[in-house]
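Notes follow once the structure below has been shown.
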Amino acid sequence: MVRVRFAPSPTGYLHVGNARTALFNYLFARKHNGCFLLRIEDTDRERSAVEYEKALLEDLHWLGLDWDEGPDVGGNYGPYRQSERVHLYRQLSEKLLQEGLAYRCYCTKEELQERKEKALAEKGNAGYDGRCRNLTRTQIAAYEKEGRKPVVRFLVPSETIEVNDLIRGHVVFEGETISDFVIVKSDGLPTFHFAVVVDDLLMQITHVIRGEDHLSNTPKHILLFRALKAPLPQFAHMSMTLGPDRTRLSKRHGATSIRAFKEAGYLPEAFFNYLALLGWASTEGQEIFTREELIREFSLKRCSKTAAVFDHQKLLWMNGLYMRKTPPARLLELSLPLLQAQGLLPAQPETKLLARCERLIALEQEKFKTLSDIPERIGFFLKPPVYDPELVEKYLTPAARQILSELATVLENQPEFQPALLENTVRSFCQEKNYRPALVFHPLRVAISGMTKGPGLFEMMALLGKEETLRRLGSVLRNETFRTGKDGGAGPAA
RNA sequence: GCCCCCAUCGACUAGAGGCCUAGGUCACCACUCUUUCAAGGUGGUAGCACCGGUUCGAUUCCGGUUGGGGGCGCCA
């Protein structure tokens, strides 16, 4: 039975890199009908916060991941929060202490720092010097009397440690290059290294899939597994996610939290798909996958060893692709909060209005790249247009107005505002008067929508309806609306 | 400084000794479609970091150099 875990620490919002790690673990688990579990690594009292844990779960859910065991859903290997497992760590660290595989270290941070700088300058070795390895009883008693609170260090044996990584292959480390690391902090809480190993062993994790930044930590973990006489899980270290400048992805690169992408209007399925393509590729070169296809195709063997640059452009392209194939009804549902926040729709919109919005979304669907484009592109319909002085100058020239006023008269007599009929009318108008269609179409578009882009002109007029179309046209011809470029819409209410 | 990993177009990648005149996707450019913005179609620009081996033959295997990333915390 495959058992994998995602183990974030609640010290911030879910990050793109971490989300990708979570995703790969999820895909691997589902592919092998295994267990995907969520463990909260909150042993850093300073930085951990419950709000972040909550946010973490929300963001993971938004991405479309679900887990079989975790702090919220329970399971047979709980608790799933490290802060609730301290008794387990204590038990095992005591055991290591008794067996002589670990020892108490009384060095203070200041002493450590000082010796480290010296060692670095002299020998180029930054690790712990092993000073407390063989303290005598009297030395210990003296330290205790001073009131020093010891940490527990693992006694690293000088042997060769081999890692058979599922992605990186065979990697060798020498014990000499690893210094005795801390497994229990002076506050009694385990360090990351100890907690992961104890938890992975107790939770019977079979595959540890994590970022490459942990590759160098792996020999430590292997040593601990051995010391605890536990079988080793398999390791798989995924390549890192980098920013465009090839450094670790961080705030400097703009949006990096999953939450930020959600707020920017990205669709979870598109994000899911894009993330899967970062450092992984299918044999066939297929790039667009449903969740099920991804689960079927996924394999650690096809994971790239090279660090991958997170590419917003490709994400945006892919999101647009998903936007185009998402049913308009769902698009409306997802963008409703945005439309309301911008005051384009009331809190309780009538079903009739919603139906027209959906229709408009369908009309404009192929142009949306993100959900945030929806308010921008359909706003003209929901509130009076705001006229950009530049567009006015360019398209609503005196000549154009003359044409529009002639056209307005024609449209007054148009009984039905149906796209095909309107097109017919306007085109024959052009022909009769010998106007170049472009000279009519563009000013008309700007006059009724305030934009040079938008749905098909006649669809737009039909959707707006005769009354509103003529009202907007009239208002433009009477010069009522051109003062409103800045303060937003003193035109007639929609 | 020491240890580890990595190295194909600007980006993501395919490639596991001859199938490579190095393929696909994003981006970019051109053309096309078109009442606008898109989307679509067609075509194009662009890459095996470098130096040595091994081999009849290296993008592919080995070694080195360079470059990038990561680790060396009482952070995770």
Side-chain angles (χ1 to χ4, degrees), chain A residues 7-9 11 41-44 46-48 82 105 107-109 112-113 116 119-128 149-153 163 165 167-169 171-174 176-179 181-187 189-193 195-196 211-220 237 239-240 242 244 246-248 274 277-288 302 304-318 320-321 324 364-369 373 377 423 426-427 437-438 440-442 444-446 449 451-458 460:
Chain A
S9 24
T11 55
E41 308 219 325
D42 56 351
T43 55
D44 184 343
E46 309 271 291
R47 298 196 301 146
S48 297
Q82 289 185 332
C105 165
C107 299
T108 63
K109 283 183 181 173
L112 254 19
Q113 182 62 27
K116 178 178 167 181
L120 211 47
E122 288 169 7
K123 301 178 294 180
N125 190 341
Y128 180 63
K149 287 263 178 280
V151 299
V152 179
R153 285 185 186 271
V163 185
D165 193 277
I167 294 173
R168 318 230 142 222
V171 185
V172 181
F173 298 87
E174 292 302 329
E176 269 90 4
T177 64
I178 303 166
S179 60
F181 54 93
V182 176
I183 59 175
V184 180
K185 300 182 262 190
S186 55
D187 64 2
L189 290 180
T191 59
F192 157 74
H193 299 300
V196 218
E212 199 204 308
D213 46 342
H214 287 302
L215 185 59
S216 300
N217 292 327
T218 306
K220 294 177 190 165
H237 288 92
S239 59
M240 303 261 82
L242 308 178
R246 295 219 146 256
T247 66
R248 212 180 191 156
Y274 176 71
L277 250 40
L278 225 48
W280 175 87
S282 81
T283 16
E284 310 298 317
Q286 183 183 342
E287 297 209 306
I288 304 304
R302 294 198 62 78
S304 166
K305 296 182 190 179
T306 322
V309 172
F310 187 85
D311 185 2
H312 284 255
Q313 276 184 322
K314 187 155 185 179
L315 202 217
L316 190 62
W317 163 78
M318 191 173 282
L321 198 109
R324 272 171 258 139
E364 287 288 86
Q365 185 165 18
E366 61 204 15
K367 295 156 196 171
F368 302 138
K369 290 227 187 297
D373 291 339
R377 293 203 79 119
E423 177 157 13
V426 177
R427 284 196 189 277
V440 179
F441 287 36
H442 295 302
L444 180 55
R445 172 183 296 284
V446 171
S449 73
M451 305 189 298
T452 53
K453 55 186 185 180
L457 182 54
F458 308 107
M460 195 153 79

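Letters go in sequence order (proteins before strands), and every chain restarts at 1. Side-chain atoms are counted along with the backbone in the values below, which use heavy atoms only and exclude waters and symmetry mates.
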Handout entry: Partner residues of A/R324 under the salt bridge (Lys or Arg N to Asp or Glu O under 4.0 Å) criterion, sequence neighbours left out
Key = none
Handout entry: Rounded distance in Å between the P positions of B/rG68 and B/rA49
Key = 16 Å
Practice task
Whole angstrom is fine here: how far is it from CD in A/Q113 over to P in B/rC74?
Solution key: 10 Å
Exercise for the section: Would you confirm whether A/R246, through its side chain, and A/V309, through its main-chain N or O, come within 3.5 Å as a donor-acceptor pair? Expected result: no
Practice task
Indicate, with a heavy-atom threshold strictly under 4.0 Å, whether A/D213 touches base, sugar-phosphate, or nothing.
Solution key: sugar-phosphate
Problem - A/T11 side-chain N/O to A/R47 backbone N/O, donor-acceptor pair under 3.5 Å - result: no
Handout entry: From CG (A/L277) to CD (A/Q286), nearest 0.5 Å
Key = 9.5 Å
Exercise for the section: Examine distances only and state if a side-chain atom of A/R302 and a backbone atom of A/W280 form a donor-acceptor pair shorter than 3.5 Å. Expected result: no
Practice task
Identify whether any heavy atom of A/H193 sits under 4.0 Å from a base atom; if not, whether one sits that close to sugar-phosphate; answer base, sugar-phosphate or nothing.
Solution key: base
Handout entry: Euclidean distance for P, B/rU59 against B/rC5 (whole angstrom)
Key = 25 Å
Handout entry: B/rA76 and B/rC19, which share atom name C1', separated by this distance in whole Å
Key = 48 Å
Handout entry: C1' atoms of B/rC2 and B/rG18, separation to the nearest Å
Key = 43 Å
Problem - Non-neighbouring partners of A/D311 that pass salt bridge (Lys or Arg N to Asp or Glu O under 4.0 Å), sequence neighbours left out - result: none
Handout entry: A/M460 side chain near A/M451 side chain, heavy-atom distance below 4.5 Å
Key = no
Problem - B/rG10 to B/rA22 separation - P atoms, rounded to the nearest Å - result: 16 Å
Practice task
Using only side-chain N and O atoms of A/T247, determine if any of them is under 4.0 Å from OP1 or OP2 of B/rG68.
Solution key: no
Practice task
Could you state the atom-to-atom distance from CG of A/L189 to C1' of B/rA76 in whole Å?
Solution key: 13 Å
Exercise for the section: Please check if the side chain of A/K453 supplies one atom and the backbone of A/R377 the other of a donor-acceptor pair under 3.5 Å. Expected result: no
Exercise for the section: Tell me the partner of B/rG18, counting only Watson-Crick (N1-N3 plus N6-O4 or O6-N4) or G-U wobble (N1-O2 and O6-N3) with both under 3.5 Å; none if nothing fits. Expected result: B/rC56
Handout entry: Protein-nucleotide distance (A/I167, atom CD1; B/rG70, atom P), rounded to Å
Key = 18 Å
Completion exercise
Per-nucleotide protein contact along nucleotides 30-42 of chain B, 5' to 3', at a 4.0 Å heavy-atom cut-off (B base, S sugar-phosphate only, - neither), is -----BBBBSS--
Handout entry: Spacing of the C1' atoms in B/rC48 and B/rU13 (rounded, Å)
Key = 13 Å
Exercise for the section: Kindly write out the residues that satisfy side chain to side chain contact (heavy atoms under 4.5 Å, CB included) with A/N217, not counting sequence neighbours, or none if the list is empty. Expected result: A/F192, A/H193, A/H214, A/K220, A/H221
Exercise for the section: Round to a whole Å and report the spacing from CZ of A/R248 to P of B/rA76. Expected result: 15 Å
Exercise for the section: Return the nucleotide paired to B/rC74: Watson-Crick means purine N1 to pyrimidine N3 with N6-O4 or O6-N4, wobble means G-U with N1-O2 and O6-N3, both under 3.5 Å. Expected result: none
Practice task
Identify the nucleotide, in any strand shown, that forms a Watson-Crick or G-U wobble pair with B/rU42, with both distances under 3.5 Å; if there is none, say none.
Solution key: B/rA30
Practice task
Report which part of the nucleic acid A/V172 touches: base, sugar-phosphate, or nothing (heavy-atom distance under 4.0 Å, all strands).
Solution key: sugar-phosphate
Problem - Rounded P spacing from B/rC12 to B/rC72 in Å - result: 26 Å
Practice task
Return the nearest nucleotide to the side chain of A/S216; candidates are B/rG69, B/rA76, B/rG71.
Solution key: B/rG71
Practice task
Go along nucleotides 12-18 of chain B 5' to 3' and tag each nucleotide: B for a protein heavy atom under 4.0 Å from its base, S when only backbone or sugar atoms are that close, - otherwise.
Solution key: BSSS---
Problem - Heavy-atom closest contact (A/Q82 atom, A/A195 atom, distance) - result: NE2-CB, 3.4 Å
Practice task
Heavy atoms only: give me the nearest A/M318-A/Y274 pair and the separation to one decimal.
Solution key: SD-N, 3.6 Å
Problem - Heavy-atom check, side chain of A/E41 versus side chain of A/V196, under 4.5 Å - result: yes
Exercise for the section: Compare every heavy atom of A/M240 with every heavy atom of A/E212, then report the nearest pair and how far apart it is. Expected result: N-CE, 3.6 Å
Handout entry: Summary of protein contacts for nucleotides 58-63 of chain B, nucleotide by nucleotide, where a base hit scores B, a sugar-phosphate-only hit scores S (4.0 Å, heavy atoms)
Key = ------
Problem - Spacing between A/E212 atom CD and B/rC72 atom P, to the nearest angstrom - result: 14 Å
Problem - C1' gap between B/rG67 and B/rC51, integer Å - result: 14 Å
Practice task
Classify the side chain of A/T177 versus the base of B/rC3 as yes if they form a donor-acceptor pair under 3.5 Å and no if they do not.
Solution key: no
Handout entry: Nearest-angstrom distance from the residue atom CD1 of A/I178 to P of B/rC2
Key = 17 Å
Handout entry: Any A/K305 side-chain nitrogen or oxygen under 4.0 Å from OP1 or OP2 of B/rG69
Key = no
Practice task
Kindly give the heavy-atom pair with the smallest separation between A/A307 and A/L242, and that separation in Å.
Solution key: CB-CD1, 3.6 Å
Practice task
In whole angstrom, give the distance that lies between atom NE2 of A/H312 and atom C1' of B/rG10.
Solution key: 15 Å
Fill in the blank from the handout: To the nearest angstrom, the CD1-P distance between A/I183 and B/rC75 comes to 14 Å
